[in-house]
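Just so you know, these numbers use all the heavy atoms, side chains as well, and skip hydrogens, waters and symmetry mates.
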Amino acid sequence: MARKIRQLIKDLEKAGFINRGGKGSHRNYIHPKGIAITISGKLGDDAKHYQEKEVEVKIKESQK
């Protein structure tokens with residue numbers, strides 16, 4: 001079962017990413033190390049496979 005957008009956001013915030021805002025259903029997150037990611041979709045929507053993978057990659061990048 002796909003995870004929800006809110007779960008991806010929770011993971012990003014736990015890793016130190018900060019919400020810079022966005023337009024509509026898009027949210028821009030940036031890490032103090034300069035790593036950025038945009039998450040699209042409503043909080044209750046199922047996350048797409050590519051979104052889950054991108055969040056995973058960005059979190060790993062931020063931990064280096």
Side-chain angles (χ1 to χ4, degrees):
M1 190 167 120
R3 297 171 60 207
K4 299 290 183 184
I5 297 293
R6 79 171 54 86
Q7 292 168 316
L8 298 183
I9 290 171
K10 190 175 181 181
D11 291 347
L12 286 171
E13 290 174 344
K14 193 180 208 181
F17 285 79
I18 300 165
N19 188 352
R20 299 187 301 141
K23 274 191 159 184
S25 64
H26 289 72
R27 291 164 203 81
N28 300 303
Y29 284 85
I30 190 160
H31 192 271
K33 290 185 177 179
I35 301 163
I37 184 172
T38 300
I39 301 291
S40 63
K42 296 179 184 171
L43 293 176
D45 289 350
D46 288 341
K48 306 279 191 249
H49 178 69
Y50 71 87
Q51 290 174 312
E52 291 187 50
K53 193 72 170 169
E54 187 178 13
V55 166
E56 182 182 323
V57 168
K58 296 292 182 172
I59 289 173
K60 284 183 182 176
E61 263 184 59
S62 72
Q63 293 172 346
K64 289 183 181 177

ask   = If Ile, Leu, Val, Met, Phe, Trp and Tyr residues are connected whenever their side-chain heavy atoms lie under 4.5 Å apart, and connections chain through other members, are Ile35 and Val55 in the same group?
value =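 In one cluster with Ile35: Val55, yes.
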
Using modelled atom types only, decide if a donor and an acceptor are shared between the side chain of [X] and the backbone of [Y] within a distance under 3.5 Å.
X     : Y     : value
Arg27 : Ile37 : no
Gln51 : Ser40 : yes
Asn28 : Gly21 : yes

inquiry  = Between Asp46 and Arg3, does the salt bridge (charged side-chain N to carboxylate O under 4.0 Å, His left out) criterion hold? Intermediate values first, please.
reply    = CA-CA 6 Å; Asp46 288 341; Arg3 297 171 60 207; over 6 Å; no

Student check: side-chain heavy atoms of [X] and [Y] closer than 4.5 Å:
X     : Y     : value
Asp11 : Lys58 : no
Ile9  : Phe17 : no
Leu8  : Glu52 : yes

inquiry  = Tell me whether Lys33 at atom NZ has more than 12 heavy atoms from other residues, nucleotides or ligands lying less than 6.0 Å away.
reply    =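 Enclosed: over 12 neighbouring heavy atoms sit under 6.0 Å from NZ of Lys33.
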
Which value, rounded to the nearest 0.5 Å, describes the distance between [X] atom [atom1] and [Y] atom [atom2]?
X     : Y     : atom1 : atom2 : value
Thr38 : Arg20 : OG1   : CZ    : 7.0 Å
Gln63 : His31 : CD    : NE2   : 8.0 Å
Glu13 : Lys10 : CD    : NZ    : 10.0 Å

Please report the closest heavy-atom contact between [X] and [Y], naming both atoms and the distance.
X     : Y     : answer
Pro32 : Gly16 : CD-O, 3.4 Å
Ile59 : Leu12 : CG1-CD2, 4.1 Å
Lys4  : Leu43 : CB-O, 3.9 Å

